[in-house]
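In what follows, chains are A, B, ... by sequence order, proteins preceding strands, each numbered from 1.
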Number of protein chains: 2
Amino acid sequence: MRRSEIRDHLLDTALRLFNQHGYHATGIDLIIAEARVAKTTLYRHFETKEDLILAALERRDEEDRNAMRAFVEQHTSDPVERLLATFDFLETALSDKQFRGCIFVSAAGEHKDGANPVFRAALMHKRLVLAYFEELAHAARFAGPKRIATEINLLHEGAMAVAQMSRIAEPARQAKRMAGQLLAAEERSSSVRGEDAGRRTHAS
Amino acid sequence: MRRSEIRDHLLDTALRLFNQHGYHATGIDLIIAEARVAKTTLYRHFETKEDLILAALERRDEEDRNAMRAFVEQHTSDPVERLLATFDFLETALSDKQFRGCIFVSAAGEHKDGANPVFRAALMHKRLVLAYFEELAHAARFAGPKRIATEINLLHEGAMAVAQMSRIAEPARQAKRMAGQLLAAEERSSSVRGEDAGRRTHAS
DNA sequence: TTTATTCGATACAGATCGGTATCGTTTGGA
DNA sequence: TCCAAACGATACCGATCTGTATCGAATAAA
């Protein structure tokens, strides 16, 4: 394995174990055993365990948001449908047998101090996701895109929290139905091509 | 302190520290230091740390659900308003400066194995809360009380998850507005006193 | 007042934690 | 081909973890 491959492999392994057991419960010794790497090697790539956690979260942050963007954009071009398509993407995540809750929520839950770097990294991810929802809400010409985005976000968080314990993907579908109903009642400025404002959108 | 007082005091202290630092990050030594109790005393009341966690969760489970019931029932007698009043109760919880996320979600997040007793205790709490929502939805004569209850539940979970990171209580108010809007569109069987079915409920 | 129980204090056991030091081997680039 | 860097393996460090053992003092009921 080349140097960059080892680093990636370590991040993959760490993320998998963090998701499976949590952050405190996952020891360095377990990570290197699963990754089949010497302890010295790990500490040559990451100064501390916290650095490893931060690197893992940053990687997943970019991966997740890129994957959601790609999924949504190739799924539909209608701006309102794109907001709803985020729940389809969410459903694929919750459908994973290995899903054990949002790793960023768990990270924040195990590092509750607001000044903790891990907490701040998790918070940053949530802000970026919210910004994407806002971008979609803006493109859909909703009257209050910020509020719409926070509503979509709240539904996402709710679905993930419920699925964390029930271990089923249904909450994603339910959240999508709720979002569809809420969005249908929202005012939108008419588009340049004379689309109806506030028309009822169908939830796929 | 009498024996029962010590036990209660230990549970109080443990719950406070679990909420502040998490479960793994809170050591037995810290708990006994904060509770000003000898280690032998703690282990005379609880066999293991896991037993302490379970006892703490069970206590909070009953406390929380009783408090919500009491809050809701004395707040209004209208069944639909009672469903919405659960969000007012939630707001009081999120307004606490010490709120760092739902302790049951955190417990499940740190004990992710579905067979783990701590996970199961957290799951049980969530089921009982959901059952209460279902009870309220049934009393409000909604056509699909089970679905209504899971929707209310999803909004609660979403508000708590968002508030865990943003550290503000606004998500509770937003969730209430969303719930009010969703419930207003739901069909209800007319009550015996000839109340309007499906009338619009105002969100306080 | 006696007696059994519970308490606090402390020392300690054994395991595990994150992290370092050492050293021989492998490997990739100049 | 040579050399520096990165590798694996392993022993080790001090700290911390959960949990136990010991023992004298406090306490409460009979």
Measure from the side-chain heavy atoms of A/Thr41 and tell me the nearest of C/dA9, D/dA9, D/dC7.
D/dC7

Closest nucleotide among D/dT20, D/dG8, C/dG19 to the B/Lys39 side chain
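Output: D/dT20.
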
Between [X] ([atom1]) and [N] ([atom2]), how many Å, whole number?
X: B/Ile31; N: D/dT18; atom1: CD1; atom2: P; answer: 8 Å
X: B/Asp29; N: D/dA15; atom1: CG; atom2: C1'; answer: 12 Å
X: B/Glu34; N: C/dG8; atom1: CD; atom2: P; answer: 15 Å
X: A/Leu42; N: D/dT10; atom1: CG; atom2: P; answer: 17 Å
X: A/Ile32; N: D/dA11; atom1: CD1; atom2: P; answer: 13 Å
X: A/Tyr43; N: D/dC7; atom1: OH; atom2: P; answer: 16 Å
X: A/Arg36; N: D/dC7; atom1: CZ; atom2: C1'; answer: 16 Å
X: A/Ile6; N: D/dA5; atom1: CD1; atom2: C1'; answer: 12 Å

Check step by step if salt bridge (Lys or Arg N to Asp or Glu O under 4.0 Å) holds for A/Glu91 and A/Lys176.
CA-CA 9 Å; A/Glu91 184 184 346; A/Lys176 182 181 181 181; over 6 Å; no

Does CZ belonging to B/Arg120 count more than 12 external heavy atoms closer than 6.0 Å?
no

Heavy atoms of other groups near B/Glu62 CD, more than 12 under 6.0 Å:
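Open.
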
Specify the residues of residues 44-56 of chain B, ordered by number, for which at least one heavy atom lies under 4.0 angstrom from an atom of DNA chain D.
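B/Thr48, B/Lys49, in order of number.
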
Taking every non-hydrogen atom, the tightest pair across B/Asp78 and B/Thr76:
N-OG1, 3.1 Å

In short, B/Leu42 meets B/Val37 closest at the heavy-atom pair N-CG1, 4.1 Å

For the base of D/dA6, is there a side-chain donor-acceptor partner from A/Thr40 under 3.5 Å away?
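Side chain to base: no pair present.
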
Stepwise ring pair (Phe, Tyr, Trp, His ring centres under 6.0 Å) check, A/Phe133 with A/His156
CA-CA 11 Å; A/Phe133 293 153; A/His156 269 256; 4.7 Å; yes

Salt bridge between A/Lys146 and A/Glu134, side-chain N to carboxylate O under 4.0 Å?
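Salt bridge: yes.
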
